Number of protein chains: 2
Amino acid sequence: MKVTIKDVARDAGVSPSTVSRVISDSSRIGEATKKRVRKSIEKLGYTPNVMARSLVSRRSRIIGVVMPHEADTLFSNPFFIQAMKGISVAAEKNNYHIMYAFGRDEEGELDAVKNYISRNIVDGICLLTARKRDRCIEYLKGEEFPFVVIGTPEEKTSEDTLWVDNDNEEAVRNIVKLLSEDGHKKIGFIGAKRNWTVSINREKGFIEESSLRGVETFIEYEEDFTRASGYSGARKLFREPGITSVICTDDILAFGAQKYLLENDGAHVKILGFNRIDPQGNFGPKFSSVDINSAGLGEEAINLLISKLNHTNKSNYKIVDTKLERIEEEL
Amino acid sequence: MKVTIKDVARDAGVSPSTVSRVISDSSRIGEATKKRVRKSIEKLGYTPNVMARSLVSRRSRIIGVVMPHEADTLFSNPFFIQAMKGISVAAEKNNYHIMYAFGRDEEGELDAVKNYISRNIVDGICLLTARKRDRCIEYLKGEEFPFVVIGTPEEKTSEDTLWVDNDNEEAVRNIVKLLSEDGHKKIGFIGAKRNWTVSINREKGFIEESSLRGVETFIEYEEDFTRASGYSGARKLFREPGITSVICTDDILAFGAQKYLLENDGAHVKILGFNRIDPQGNFGPKFSSVDINSAGLGEEAINLLISKLNHTNKSNYKIVDTKLERIEEEL
DNA sequence: CTGAAAGCGCTTACAG
DNA sequence: CTGAAAGCGCTTACAG
């Protein structure tokens, strides 16, 4: 039989109320009593029943994470799994648990959100991506349910929406700066999903820093983050002669662009990617890539959400640093 | 304010007990009453509080999934994410929720298991991998806590351990059969983690089917599932001349082997991999690979566990079919 | 500093 | 066929 708070109380010769207060380390309990109770807890191997605790405290200490349905195909991209790891670490530190839901489409994601909320299962929700006119975000706002988004939400203005993201503008500015100092005068840019906020911010950094430094810019957008997109983007981009480097908003695009370049006398062109994807079976030379610190994004998202739940949050957003990783050739 | 069972009872003019019985569709409630109560539920938008329900039923309807700590590095491999998807699907169908824990090492995994159990948080646990002398498995067995393993556990003999896996022996037999019929007389095999049951079973199928068909076998084992291992395994393997095909126990190894072959006049050698990894940045030609149906493994694991929890399980294991995918060259 | 009592929102024998 | 009552294992005003 499971040991309950009553068993501990009996063993320590106190009331269940006192045991409860010792557990929450209430200042109103005498040190001697605390010590005695703790000994009983230890001895009996007591651990509180979270269900009972949740029922009365109305806090489950569970956070629901909704995986975007595109995740399925995006899983060549290690972002999600690393974000999950970060989420898990932060949750554990704060003594929270994590629940994941995979929607099969946007409707399914919304259903997961509704389900979480209506059944009182989670204290807060974490979304792994911010879409334009995101239905989950809109629903959560309407319900005034605590949530956090990884990525910059459309209406950054609303102070009540929690979010974490990289400073994507700054990250690209930094790359342009390095390239420019390195003598590059004509730089290309290949992106996908032009209407995602992340794309918009990266392009902005690209254009502004380039103009500041007198660098000529050439931009191509494709539909999806695939190798094929990178390849065809590069084909279009390099009709323009003299481009000596290309920034791709994802390593997957960069793989495709690299293939095009290797096939078309472009081996000298410097490639820069985003998201540091281990190229596994990639037979081409490696290229530098911006590490967006996916785990950090997940971790900070949860920290932000929990501080909101505790009403101790100072800010409604958090910027996670990126790091340009320059990679040398290796097997 | 959240609507509770009392509100519904009042609205429908019955007692809370009756509402509860309607929800569980007890046969002892009159149809007319049921209809009335259901209307009230609908009208008030009532959803039961899972915490309260769990407290009394002593079932949380939550399953804890422990991610192996190696997952971090193995995440170039889509197995885990797809298994998670399958797990999620099966859970949802059965009205269960899933909780994930990431241990930082084997100790951390064990802590997660202990934590899940002692706090009465989950009804059962799913492990995503079976190690030799697996501490989590041993602990769970000792506690007699319901759990399921994806992968064949060391002691298959114990009828009380639930597991799901592919028929790895059969999968390799099938490949050898096809190769042999195709005229291959000398076949290589590159594996990693020789002491994993999955390796042992694949090698067994390889050796036995080859001997049956008079095929000469050449085997190399490396430490880890990396490209570098595949590359060096191939280098050793192909000291032997005349090998016309090579079976790699993972696509990652196959990528490395392929690189070696392309660099050493081995483009004609037929490569077969496992786990169908999208080669993303892979610039070499594609090769055939065995789809182990990771999502199916996850789904069946959860089904098995849930039927165990309901005491309706017939068997303690389930074999999930594999499928050899032959891939044509494409971008 | 500590305890008795009420209550969180359900379910389930027990009665009728 | 339905209801009143007890109880799941906690927490937290309220009293002292």
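Numbers restart at 1 for each chain; the letters A, B, ... are given by sequence-line order, proteins then strands. Bear in mind that the values here come from a model prediction, so they are computed numbers and not experimental data.
Listed pair B/Thr18 / D/dG3 meets the phosphate criterion, a side-chain N or O lying under 4.0 Å from OP1 or OP2. Remark: A/Ser17 is not in phosphate contact with C/dT2, judged by side-chain N or O atoms under 4.0 Å from OP1 or OP2. For A/Arg53 and D/dT11, the shortest distance from a side-chain N or O to OP1 or OP2 is below 4.0 Å.
Residue B/Ile23 contributes atom CD1, which lies 9 Å from atom C1' of C/dC10 at whole-angstrom precision. In this structure, CZ of B/Arg10 is placed 16 Å from C1' of D/dG3, rounded to the nearest angstrom. Look at NZ on B/Lys6: it is 8 Å from C1' on C/dG9, rounded to the nearest Å. Put simply, CG on B/Leu55 is 13 Å from C1' on D/dT11, counting in whole angstrom units. Between the CG atom of B/Asp25 and the C1' atom of D/dC1 there is a distance of 15 Å, rounded to whole Å. For the pair A/Arg61 CZ and D/dT11 P, the computed distance is 12 Å after rounding to whole Å. Rounded to an integer number of Å, the gap from CZ of A/Arg119 to P of C/dG9 is 16 Å. Taking atom CE of A/Met51 as the reference point, atom C1' of C/dT11 lies 16 Å away to the nearest angstrom.
Scanning atom types as modelled, one donor and one acceptor separated by under 3.5 angstrom connect the side chain of B/Arg21 and the base of D/dG3.
Annotation for A/Lys318: atom NZ does not count as buried by contact number, only 12 or fewer foreign heavy atoms lying within 6.0 Å. B/Tyr139 OH: more than 12 foreign heavy atoms inside a 6.0 Å radius.
A salt bridge links A/Glu299 to A/Lys93: at least one charged side-chain nitrogen sits closer than 4.0 Å to a carboxylate oxygen. The existence of a salt bridge linking B/Lys114 and B/Glu143 is excluded, since no basic side-chain nitrogen approaches an acidic carboxylate oxygen closer than 4.0 Å. One finds a salt bridge joining B/Asp25 and B/Lys34 here, because a Lys/Arg side-chain nitrogen approaches an Asp/Glu carboxylate oxygen to under 4.0 Å.
A/Leu162 places a side-chain heavy atom less than 4.5 Å from the side chain of A/Asn313. Considering only heavy atoms from C-beta on, A/Val14 comes within 4.5 Å of A/Arg36 through its side chain.
If you check every strand for non-hydrogen atoms under 4.0 Å, A/Thr4 touches sugar and phosphate atoms only.
Relative ring orientation between B/Tyr100 and A/Tyr100 is described as perpendicular, the plane-to-plane angle rising above 60° on a 0-90° scale split at 30° and 60°.
Nearest to the side-chain atoms of A/Val56 among the listed nucleotides D/dG9, D/dG3, C/dT11 stands D/dG9.
Residue-to-nucleotide proximity on DNA chain D shows that, of B/Gly30 and A/Ser20, the 5′-proximal contact is made by B/Gly30.
The backbone N or O of B/Ser54 sits nowhere less than 3.5 Å from a side-chain atom of B/Ser60 that would complete a donor-acceptor pair.
At a non-hydrogen distance threshold of 4.0 Å, B/Thr33 from residues 33-40 of chain B come into contact with DNA chain D.
Taken together, the paired segments of DNA chain D that extend over three or more consecutive Watson-Crick or G-U pairs, each closer than 3.5 Å at both contacts, are C:1-3 with D:14-16, C:5-12 with D:5-12, C:14-16 with D:1-3.
Look at the P atom in both C/dA6 and C/dT2: the space between them is 23 Å, to the nearest Å. Distance noted for atom P between D/dA13 and D/dG9: 23 Å (whole Å).
Residue B/Ser57 holds its OG atom at 8.0 Å from CG of B/Asp123, rounded to the nearest 0.5 Å.
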